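The structure appears below as structure tokens.
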Amino acid sequence: MSLVGNWSYPTAMKFGAGRIKELPEACAQAGMKRPLLVTDKGLADLPITQATLDIMAAAGLGRGMFSDVDPNPSEINLHAGVEAYKAGGHDGVIAFGGGSGLDLGKMVAFYAGQTRTIWDFEDIGDWWTRADADAIAPIIAVPTTAGTGSEVGRASIITNSVTHEKKIIFHPKVLPTVVIADPELTMGMPKFITAGTGLDAFAHCVEAFSSPHYHPMSQGIALEGMRLVIDYLPRAYADGTDLEARANMMSAAAMGATAFQKGLGAIHALSHPVGAIFNTHHGTTNAVCMPAVLEFNAAEIADRFDRAAGYLGIKGGFKGFQSFVQDFNDSFEIPRKLSEMGVSADQMDALVEGAIKDPSCGGNPVELTRENLRQLFEDVI
């Protein structure tokens, strides 16, 4: 292991119940006078969104909103969002929602001032340097789920509607200037979204903890993030109004995304093409894939999970952790196979090609090949 790394940790966060009321101050801090709130179709008409627009309007910031955002946002959504941004004369973006609203909102702010195709900024090498950094608008992120952690990320995932591939678009200035993490905004999440997003945060922590790269800060954050999910997701699932549980899950989501600077792995390499082709819920897909990937990586990760299990309150070391993960999934009614989510093996070649190209492969502790990815897909489908 090379004891070398380029490390950078996230942004200013206003964390706590009721802090959405501080949105006008956050806009002033970010230099926004006419922000565009970007969210998804499902959130647009909900009370939390309308209340946020009311806060904006009362502060003289207008009620600009764009909500034509799909669950797996595409470049079609992005181009429509950029049109709305320009037509409204906006000067920044409030990215509001779960992963889809946050990811697309960040991309609207990033792309509105660029002249190249969005795919020219994929997270490959130094492609991010192609962007005109001065043309990137400021971003405020307001998560309404506790899962992706996109609010503390420098990238977004956009699905290519032509090739059905998920692409990671990266730039350092995509990191939001301010995050308002108000757990009250997550209290209306239905059970299946609470479970799926919570298990997404868990997958981020598990994969970061498993990654072979050297990043002890991420390693510590990943471990505590796992503990928070284990302790508080069952409570949030059982009672959506449990504010302590919701707050700790919101912390775990941000921690997972902070930790995966250390790397992701086969869970995400599998789930990204599945989501792009079959439009499945990302966090739930991750949860279905996790038991098979843990078994696949066992030889390389058993020792570290032997140590972690005690801290997590799990008996039996790595084997105990494996058993726990399956039982944990079952407790939230997560399917055991992707076929139960509409995924079929008739797209196997496309799934394997999508997985082998996914940047997450680089963080897996066991080298991924087309052959072993095909076997993993057969196991999880």
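None of these values were measured; they are calculated from a predicted model.
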(request) Give a yes or no on this: more than 12 heavy atoms of other residues, nucleotides or ligands lie within 6.0 Å of atom CZ of Phe192. (result) no
(request) Go through the structure and list residues passing ring-ring contact (aromatic ring centres under 6.0 Å, His included) with Phe121, not counting sequence neighbours. (result) Phe110
(request) Output all residues satisfying side chain to side chain donor-acceptor pair (under 3.5 Å) with Asp306, sequence neighbours left out; order by chain, then residue number. (result) none
(request) Give a yes-or-no answer on whether the side chains of Thr159 and Asn72 include a donor-acceptor pair shorter than 3.5 Å. (result) no
(request) Compute whether any side-chain donor of one residue and acceptor of the other, for Asn160 and His164, lie under 3.5 angstrom apart. (result) no
(request) Dump the intermediate steps for salt bridge (charged side-chain N to carboxylate O under 4.0 Å, His left out) on Asp330 and Arg336, then the final yes or no. (result) CA-CA 8 Å; Asp330 292 345; Arg336 287 203 170 200; 2.6 Å; yes
(request) Using modelled atom types only, decide if a donor and an acceptor are shared between the side chain of Tyr111 and the backbone of Ile118 within a distance under 3.5 Å. (result) yes
(request) Check Lys166 against Gly275 and note the closest heavy-atom contact, atom names and distance. (result) CE-C, 3.9 Å
(request) State the CE-CD1 distance between Met255 and Ile221, to the nearest 0.5 angstrom. (result) 6.5 Å
(request) Report the C-alpha distance between Met56 and Ile94 in whole Å, list the side-chain angles of each, state the deciding distance to 0.1 Å, and finish with yes or no for side chain to side chain contact (heavy atoms under 4.5 Å, CB included). (result) CA-CA 10 Å; Met56 290 165 56; Ile94 298 168; 3.9 Å; yes
(request) First locate atom SG of Cys27, then atom CD of Glu22, and finally report the distance between them rounded to the nearest 0.5 Å. (result) 12.0 Å
(message) Suppose the criterion is side-chain hydrogen bond (donor to acceptor under 3.5 Å, both in side chains): which pairs have a residue in residues 172-187, not counting sequence neighbours?
(response) none
(request) Find out whether Thr285 and Leu338 are in side-chain contact, i.e. whether some heavy atom of one side chain is under 4.5 Å from a heavy atom of the other. (result) yes
(request) Taking the side chain as every heavy atom from C-beta outward, state whether Thr52 and Phe96 have any pair of such atoms under 4.5 Å apart. (result) yes
(message) I'd like to check Leu23 versus Ile140 (side-chain heavy atoms, cut-off strictly below 4.5 Å). Are they in contact?
(response) yes
(request) May I ask you to list the residues sharing a hydrophobic cluster with Ile168, side-chain cutoff 4.5 Å, ordered by chain and number? (result) Ile157
(message) Using only atom types and a distance under 3.5 Å, with no angle test, would you say the side chain of Ser211 pairs donor to acceptor with the backbone of Glu207?
(response) no
(message) Please list all pairs meeting side-chain hydrogen bond (donor to acceptor under 3.5 Å, both in side chains) that have one or both residues in residues 30-39, counting only residues at least two apart or in different chains.
(response) none
(request) Look only at the side chain of Asp126 and the backbone of Thr129, and say whether a donor-acceptor pair between them is shorter than 3.5 Å. (result) no
(request) Please identify each residue that fulfils side chain to side chain donor-acceptor pair (under 3.5 Å) with Glu295, with sequence neighbours left out. (result) Gln322
(message) Looking at Arg304 and Ser210, would you say the former's side chain and the latter's main chain have a donor-acceptor pair under 3.5 Å?
(response) yes
(message) Within this structure, what is the CD1-CG distance for the pair Ile301 and Leu294, rounded to the nearest 0.5 Å?
(response) 5.0 Å
(request) Keeping to residues at least two apart or across chains, list the salt bridge (Lys or Arg N to Asp or Glu O under 4.0 Å) pairs with something in residues 358-371. (result) Glu353-Arg370
(request) Determine the interplanar angle of the Phe260 and His268 rings, folded into 0 to 90°, and report it as parallel if under 30°, tilted if 30 to 60°, perpendicular if over 60°. (result) tilted
(request) Mind listing the closest non-hydrogen atom pair of Gly81 and Phe66 along with its distance? (result) N-CZ, 3.4 Å
(request) For the residue pair Met249 and Val229, establish whether any side-chain heavy-atom pair is separated by less than 4.5 Å. (result) yes
(request) Name all residues meeting the side chain to side chain donor-acceptor pair (under 3.5 Å) criterion together with Gln114; count only those two or more places apart in sequence or in a different chain, and write none if there are none. (result) none
(message) Taking side-chain contact (heavy atoms from CB on, under 4.5 Å) as the definition, give me every residue that meets it alongside Ala28, ordered by chain and number, with sequence neighbours left out.
(response) none
(request) Could you list the residues that satisfy side chain to side chain donor-acceptor pair (under 3.5 Å) with Gln219, not counting sequence neighbours? (result) Lys262
(request) Quick one: sort the His282 and His204 rings into parallel, tilted or perpendicular, breaks at 30° and 60°. (result) tilted
(request) Sequence neighbours left out, what pairs pass salt bridge (Lys or Arg N to Asp or Glu O under 4.0 Å) with at least one residue falling in residues 42-68? (result) Lys41-Asp68, Asp54-Arg63
(request) Take Arg154 and His171, measure what side chain to side chain contact (heavy atoms under 4.5 Å, CB included) needs, and give me the verdict at the end. (result) CA-CA 6 Å; Arg154 298 166 178 81; His171 194 282; over 6 Å; no
(message) Between Ile267 and Phe332, is there shared hydrophobic-cluster membership here, with clusters defined by ILVMFWY side-chain heavy atoms closer than 4.5 Å?
(response) yes
(request) Could you tell me how the ring of Phe305 sits relative to the ring of Phe209: parallel (under 30°), tilted (30 to 60°) or perpendicular (over 60°)? (result) perpendicular
(request) Rounded to the nearest 0.5 Å, what's the gap from CZ on Arg307 to CG on Leu312? Could you check? (result) 12.5 Å
(request) Would you mind reporting whether His215 and Gln261 have side-chain heavy atoms less than 4.5 Å apart? (result) yes
(request) Using a cut-off of 6.0 Å, state whether more than 12 heavy atoms not belonging to Lys315 lie near its atom NZ. (result) no
(request) Indicate the atoms forming the closest heavy-atom contact of Ala345 with Ile381, along with that distance. (result) N-CG2, 4.2 Å
(message) Strictly distance-based, threshold 3.5 Å: is any side-chain N or O of Glu151 a donor or acceptor partner for the main-chain N or O of Val178?
(response) no
(message) Looking at Glu244 and Arg246, is there a salt bridge between them, counting it only when a charged N and a carboxylate O are closer than 4.0 Å?
(response) no
(message) Strictly distance-based, threshold 3.5 Å: is any side-chain N or O of Thr11 a donor or acceptor partner for the main-chain N or O of Pro176?
(response) yes
(message) Within this structure, what is the OG-CZ distance for the pair Ser156 and Phe170, rounded to the nearest 0.5 Å?
(response) 11.5 Å
(message) Using a 3.5 Å distance criterion without hydrogens, assess whether the side chain of Asp242 forms a donor-acceptor pair with backbone atoms of Ala236.
(response) no
(message) Quick test of your reading: applying side-chain hydrogen bond (donor to acceptor under 3.5 Å, both in side chains), list the pairs with at least one residue in residues 76-98, sequence neighbours left out, ordered by first then second residue.
(response) Asp70-Asn77
(message) I need the minimum non-hydrogen distance between Ser100 and Val69, along with the two atoms involved.
(response) O-CG1, 3.7 Å
(message) For a quick test of reading the model, state the closest non-hydrogen atom pair linking Ala252 to Gly225 and the distance between them.
(response) CB-O, 4.0 Å
(message) Do Phe278 and Gln347 have side chains that approach each other closer than 4.5 Å (heavy atoms only, starting at C-beta)?
(response) yes
(request) Verify, without hydrogens or angle tests, whether Ser150 (side chain) and Gly99 (backbone) share a donor-acceptor contact under 3.5 angstrom. (result) no
(message) As an exercise, state the distance from CE of Met189 to OH of Tyr237, rounded to the nearest 0.5 Å.
(response) 12.5 Å
(message) Does this structure show an ion pair linking Arg227 with Asp231, if we count only N-O contacts that are shorter than 4.0 Å?
(response) yes
(request) Compare all side-chain heavy atoms of Thr49 with those of Met65 and state whether any distance is below 4.5 angstrom. (result) yes
(message) Quick check: Phe202 with Phe328 (ring centres under 6.0 Å apart)?
(response) yes
(message) Quick one: does any side-chain atom of Arg130 pair with a main-chain N or O of Asp120 as donor and acceptor, under 3.5 Å?
(response) yes
(request) For residues Ile180 and Phe15, determine if any side-chain heavy atom of one lies less than 4.5 Å from a side-chain heavy atom of the other. (result) no
(request) Please report the closest heavy-atom contact between Pro24 and Ile55, naming both atoms and the distance. (result) CD-CG2, 3.6 Å
